[in-house]
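Sequence lines set the chain letters: A, B, ... in the order given, protein chains first and strands last, and positions in each chain run from 1. Remember, predicted model here, so these are calculated numbers, not experimental data. Note: hydrogens, waters and symmetry copies are ignored here, and every other heavy atom, side chains too, is used.
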Amino acid sequence: MKFAVLVNEGPYQHQASDTAYQFVHAALQAGHDVMRVFFYHDGVNNGTRLTSPPQDDRHIQKRWSDLAAEHKLDLVLCVAACQRRGIVDEDEMKRNGKDADNIAEGFRISGLGQLIEAGIEADRLITFGD
Amino acid sequence: MKFAVLVNEGPYQHQASDTAYQFVHAALQAGHDVMRVFFYHDGVNNGTRLTSPPQDDRHIQKRWSDLAAEHKLDLVLCVAACQRRGIVDEDEMKRNGKDADNIAEGFRISGLGQLIEAGIEADRLITFGD
Amino acid sequence: MSTLNIVNKSPFEKRTLEQCLKRVGDGDSVLLIEDASICAVAGTAYQDQLNATAELTKLYVLQPDLDARGFTDAKLLEPVQCVDYTGFVELVAQHDRVHSWL
Amino acid sequence: MSTLNIVNKSPFEKRTLEQCLKRVGDGDSVLLIEDASICAVAGTAYQDQLNATAELTKLYVLQPDLDARGFTDAKLLEPVQCVDYTGFVELVAQHDRVHSWL
Amino acid sequence: MEEDEYAGGVIKKFLYVNRRQPHGTVYALESLETVLIGAAFDQDVSMLFIDDGVYQLKKEQSPDGIDMKNFSKTYRALEMYDVEKLFVERESLEERGLSAEDLLVDVEVIATADVKALVDEQDVVLSF
Amino acid sequence: MEEDEYAGGVIKKFLYVNRRQPHGTVYALESLETVLIGAAFDQDVSMLFIDDGVYQLKKEQSPDGIDMKNFSKTYRALEMYDVEKLFVERESLEERGLSAEDLLVDVEVIATADVKALVDEQDVVLSF
């Protein structure tokens, strides 16, 4: 079955991103297709490479990036939410006149259309949030 | 009177940072001293200079930075919370082997001791959060 | 030794207001801000609970939050007093401590 | 045409559970995850409400969230079934749609 | 005839469930942005306002004092995007001392008992 | 004699109010970090656990399955930091079907009616 996942909260503050990760991991293990994980609202904060969580804690961003690399997952950060929260790739850096980018490996920034498209193309859309 | 303020949520997602800003602004207008604004939990996300909110919306980070410049406000981001969420100054960049920093003008990163100290030294500590 | 209690969530969404109210008493104040501001309006399901609270406790609401939500001209509960941000600052100064119910 | 309803907040903190339960019915399922998992435990103030719901609606709880909160060996409400993340995925596949009550 | 800008040609039923106040969190605004973007895909869209979500449609919002945008006018523009199915739950209005006259758009008022039937028709439920 | 590592010499009464479950949000963990750091300032610290905050002290937490740290053991270490005044509200335990035996540390159980008096003694109330 083809799943799409929506993540509405950032890492650590709420359990939403953790549960979403465990769900996606289990879905892939069970042989399902996860066609996209869309990060909206504070969810875009999962996609910064600048976090350094404590050694004895899970590394939420790295866990997503690793899963994406292993399973060719499409991790999409909503561009409007990124602009409000300071998640920037090279294009956004240039477009908004910023002096640094912070996007993590395996994530890409795109529009809300990607969420609607996921809703249309996937058999099930599952939302994780606060 | 001497106030200290604690902000526990990031910009835009919750109203907490907005209300805290309006409170601090009004306190300064009324002639009070605001000895520190401490940003904890997702509150540290107020301190990134990489946001580009829509033109017709308030610029929450810039508003804090401008207020700090005008009133010599001490805006402190909790270091442990910054590490979990990817808010980085030059020192933290070097210490954690990161390739970019994103801290905004007028903010500094320091330890939780600064919050306790604020609680001791201020006449009133007011918390804004979710 | 009075406490300014701040509630910022709608009682329809979170239980914060009722959790606050059962632990405050004589001399305390409760300030409704952000999403909690709407329960200062007359006619909601929380009106009796707030009117009862007001027998011991002072009730305030942050006017700019009421305005934002479309209740500038609404009838408010009789015991509730409106404050702006300057009034909020004064309330903090007048009480011995602030307890934000998050 | 069944719906998997997901609730992730404690009914002691937010009203999400009661808001969900009054709008579900025959053939629907409710999955308790994260901070909502604790109300699957017998003896809480929500036990009667959940037992009544179970007459029409299937109830599930995410076991890893119960474990995290110290309820691995606790007595659960009789109608509640435990699932792990794999079981969660199966529930999503078995229902026609998912409604997350945020 | 409706346009079909989405190449796939599939038309699904999308329900947006709105349960939060405006302004206190960003969800109402960002949910509305999703609906507007989604309109280009010509899906079968409904919006449901229950619980505190009914406050999103309250007339006379004036967020100047909290320095926020008054996006409530955008609900009036939804018609132009062919988003015409707005449902509001009667019991949610009543608990809050509100009625349909307090709302800035025409809506269909439904009962709590009707919500399940509406949800049961949907392919996708998005809740912010 | 207590040490006084804080140069100012002022001793204030700090109350940490804990009202949330562990794990579902980071507040419980980050509140605990504040208490531990704060211990170096030799203030007069009390911790109050009410509402869902009582779950923070539940025995037998095992968050391996959600890949989180089991920080609940740290509550047992608070004594070493001279944080010894832990208050738990009886009614909060009862609503949840819990009793003091379910908790991993010794606490003083107080009634709802006593909470106001405890708060009234404080200089600073920190609530996460």
With a 4.5 angstrom heavy-atom cut-off, could you sort out which part of [X] is near chain B: side chain, backbone, both or neither?
X        : answer
A/Asp42  : both
A/Asp130 : side chain
A/Arg95  : neither

At their closest point, which heavy atom of [X] faces which heavy atom of [Y], and how far apart are they?
X        : Y        : result
B/Ala68  : B/Leu75  : CB-CD1, 3.7 Å
B/Val37  : B/Val34  : CG2-CG1, 4.1 Å
B/Met1   : B/His32  : N-ND1, 3.2 Å
A/Ala122 : A/Met35  : CB-CG, 4.2 Å
A/Thr51  : B/Gly86  : CG2-N, 3.4 Å
A/Ile103 : A/Phe107 : CD1-O, 3.6 Å

Heavy-atom pairs under 4.5 Å with chain A are the metric here; pick the option from [options] that has the most.
options                            : value
B/Asn45, B/Asp99, B/Ile87, B/Val88 : B/Asp99
B/Arg85, B/His41, B/Glu92          : B/Arg85
B/Asp57, B/Asn46, B/Asn96, B/Thr48 : B/Asn96

- Euclidean distance, A/Ser52 OG relative to B/Met93 CE, rounded to 0.5 Å: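 Reported to 0.5 Å precision, the distance equals 12.0 Å.
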- Residue pair A/Arg36 / A/Glu117, side-chain heavy-atom distance below 4.5 Å: yes
- Given A/Gly10, A/Pro54, A/Cys82, the one with more heavy-atom pairs under 4.5 angstrom with chain B than any other is A/Pro54
- Message: At under 4.5 Å between heavy atoms, what parts of residues 12-31 of chain A are in contact with chain B? List them by residue number.
- Response: A/Tyr12, A/Gln13, A/His14
- Query: Should we count NZ of A/Lys98 as having more than 12 external heavy atoms under 6.0 Å?
  - Reply: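 Correct, the count exceeds 12.
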